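Heads up, the thing below is written out as structure tokens.
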2 protein chains.
Amino acid sequence: MKVDELDARIVRLFTDEQRMSVLEASRILKVARATVQARLDRMVSSGVIARWAPQPEPRAFGFPVVAYCALTIHQDFGHDAVAAALARIPEVLEVHTVSGDSDLMARVAARSNADLQRVLDAVTATKAVVRSSSVIVLNTHFEGRTLPLLEAAARR
Amino acid sequence: MKVDELDARIVRLFTDEQRMSVLEASRILKVARATVQARLDRMVSSGVIARWAPQPEPRAFGFPVVAYCALTIHQDFGHDAVAAALARIPEVLEVHTVSGDSDLMARVAARSNADLQRVLDAVTATKAVVRSSSVIVLNTHFEGRTLPLLEAAARR
DNA sequence: ACGCCCCTGTGCATCCTGTGCAGTCTCGGT
DNA sequence: ACCGAGACTGCACAGGATGCACAGGGGCGT
């Protein structure tokens, strides 16, 4: 779907002030309330706004350690099956199939560096995982920053 | 902060049904509305709920290609300065300092594989970046899945 | 010129929110 | 066993916000 600047400004408003109401947004943007509502509905139903939910931050409730993990899996297992197995481990936050040397890339959280070992063991315990090589995140400069991209897309 | 099962169930409700009101949540959970409100306020102010905003999905508005990019930077530049420079490129969604062979790990989006080259060039054009090695995401099994972890944390 | 789609402005009934308060309950510490 | 702090409850009220509907005005592509 293509988005225009009004869409981007709406999303920007609701991102900056989570206490924003549709009515107030329409006042700020100087458009009709129905317009804001229609834009939001359109973006939600088309998937441009994938979710609009409270986002728990693992760092804030006891999981300060994050790591990326490149996994090599046994050829007999399908990627989907392995991903489903990994989904059963709550510490696994994200799983992608990737190109390159390894097969899967996972992002995991842990309570400490020592606890990370437990998590990685749990990942490896998935029979299909042959090898895993991980890098620990030392500092997150920013993440989940899709708004600038949306604004860039709106400009053309 | 420590969370209990009620917290987790509240977050679960608001995650599953984005059209959930505090009042209806209190009815479903059979607790007072003020309780739900107090829990939400506490989680938001303590950072357990980091954000509660519409999440634009790059795949849905013209950026179907995602890649992870391991960056080696010139020793004369600080990580923060490089991260700030990368933040100016909207296609860069995420930047972490990591342990291991490389210095930074970035996640980038692009309109196509060909366009990915343009993005990577932009990243490399940041003078501080010496080398970059990227893997393309072929399939995302799941991502941004912090709720199961919150529920696991609530159980103990 | 025409039809179509989007935006606008308006109105209304309904529901939700923010807020405050007093009473009760629970749990941990002494 | 007792006490106190903090949490939960139930209630009430005013002010908004929402969902919905509808008619009119523009802009755009055919």
Side-chain angles (χ1 to χ4, degrees), chain A residues 1-57 60-62 111 147 149-156, chain B residues 1-58 60-62 147 149-156:
Chain A
M1 207 197 75
K2 65 186 212 304
V3 293
D4 63 13
E5 294 210 39
L6 180 55
D7 292 318
R9 284 200 292 163
I10 290 172
V11 176
R12 161 69 69 186
L13 265 183
F14 280 88
T15 301
D16 289 350
E17 306 287 336
Q18 72 278 49
R19 207 67 88 183
M20 180 66 55
S21 71
V22 172
L23 181 58
E24 192 174 346
S26 74
R27 283 196 286 253
I28 294 175
L29 297 173
K30 304 215 196 307
V31 296
R33 177 170 67 98
T35 302
V36 176
Q37 238 144 8
R39 297 302 190 103
L40 282 176
D41 289 347
R42 197 173 52 104
M43 285 191 282
V44 168
S45 64
S46 74
V48 169
I49 294 179
R51 14 177 204 195
W52 195 333
Q55 280 237 297
E57 171 56 64
F61 59 86
R111 294 184 183 277
L147 193 44
L149 188 57
L150 183 69
E151 289 172 335
R155 274 194 286 275
R156 70 200 56 161
Chain B
M1 206 196 74
K2 66 187 212 304
V3 294
D4 64 13
E5 295 209 39
L6 181 55
D7 291 318
R9 283 199 292 162
I10 290 171
V11 177
R12 163 69 70 186
L13 266 183
F14 281 88
T15 301
D16 289 349
E17 305 286 337
Q18 71 279 50
R19 204 70 86 182
M20 179 67 54
S21 71
V22 172
L23 183 58
E24 192 175 346
S26 73
R27 284 195 285 252
I28 293 175
L29 297 174
K30 304 213 195 308
V31 296
R33 177 171 67 104
T35 303
V36 175
Q37 239 145 4
R39 298 301 191 101
L40 282 176
D41 288 348
R42 197 172 52 105
M43 286 192 281
V44 167
S45 64
S46 73
V48 169
I49 294 179
R51 19 180 198 192
W52 195 333
Q55 280 237 296
E57 170 57 63
F61 59 88
L147 192 44
L149 188 57
L150 183 70
E151 289 173 333
R155 274 194 288 274
R156 71 201 53 162

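Please read these numbers as outputs of a predicted model, since none were measured by experiment.
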- In whole angstroms, how far is the P atom of D:dT9 from the CG atom of B:L29?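 It is 10 Å, rounded to the nearest whole Å.
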
- Task: Round to the nearest Å and state the distance from B:E24 atom CD to C:dT14 atom P.
- Result: 18 Å

- Message: Any side-chain N or O of A:R27 below 4.0 angstrom from OP1/OP2 of D:dA17?
- Response: yes

- Item | Minimum heavy-atom distance between A:A60 and B:S46, given as atom pair plus value | CB-O, 4.2 Å

- Query: If you look at every heavy atom in A:L40 and A:W52, which pair is closest and at what distance?
  - Reply: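 Reported closest heavy-atom pair: CD2-CZ3, 3.8 Å.
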
- Message: Suppose we screen for side chain to side chain donor-acceptor pair (under 3.5 Å). Which residues come up paired with B:E57, at least two apart in sequence or across chains?
- Response: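 So B:E57 forms a side chain to side chain donor-acceptor pair (under 3.5 Å) with B:R59.
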
Is any side-chain heavy atom of [X] closer than 4.5 Å to a side-chain heavy atom of [Y]?
X: A:F14; Y: A:I49; answer: no
X: A:L147; Y: A:E151; answer: yes
X: B:I28; Y: B:M20; answer: yes
X: B:V48; Y: B:V11; answer: no

- Message: Set out, in order, the CA-CA distance, both residues' side-chain angles and the distance that settles side-chain contact (heavy atoms from CB on, under 4.5 Å) for B:L13 and B:V36, then state yes or no.
- Response: CA-CA 11 Å; B:L13 266 183; B:V36 175; over 6 Å; no

- Note on the structure: One would report the end-axis bend of the helix from C:dA1-D:dT30 to C:dT30-D:dA1, five pairs per end and rounded to 10 degrees, as 60°

- Task: Within residues 36-56 of chain A, find the residues that approach DNA chain D with a heavy atom at under 4.0 Å, and present them sorted by residue number.
- Result: A:Q37

- Quick one, which residues of residues 4-12 of chain A touch DNA chain D with a heavy atom under 4.0 Å?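 Listed by number, there are none.
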
- Between B:M20 and A:K30, which has a closest nucleotide on DNA chain C that is more 5'?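 The residue mapped nearer the 5' terminus is A:K30.
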
Selection from [options] that lies nearest to any side-chain heavy atom of [X]:
X: A:L23; options: C:dG9, D:dT18, C:dT17; value: D:dT18
X: B:R19; options: C:dG18, D:dT9, D:dG19; value: D:dG19
X: A:T35; options: D:dT18, D:dG19, C:dC7; value: C:dC7

- Message: Under the salt bridge (Lys or Arg N to Asp or Glu O under 4.0 Å) definition, can you give me all pairs with a residue in residues 41-54 of chain B, not counting sequence neighbours?
- Response: B:D7-B:R42

- Can you tell me which residue pairs pass the salt bridge (Lys or Arg N to Asp or Glu O under 4.0 Å) test with a partner in residues 21-31 of chain B, sequence neighbours excluded? none

- Atom pair OG1/CG of A:T35 and A:L6 - distance to nearest 0.5 Å: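 Here the rounded value is 7.5 Å.
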
- Counting only distance, no hydrogens or angles, is the base of C:dT19 paired donor-acceptor with the side chain of B:R33 under 3.5 Å?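 It does, because a donor-acceptor pair links the side chain of B:R33 to the base of C:dT19 below 3.5 Å.
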
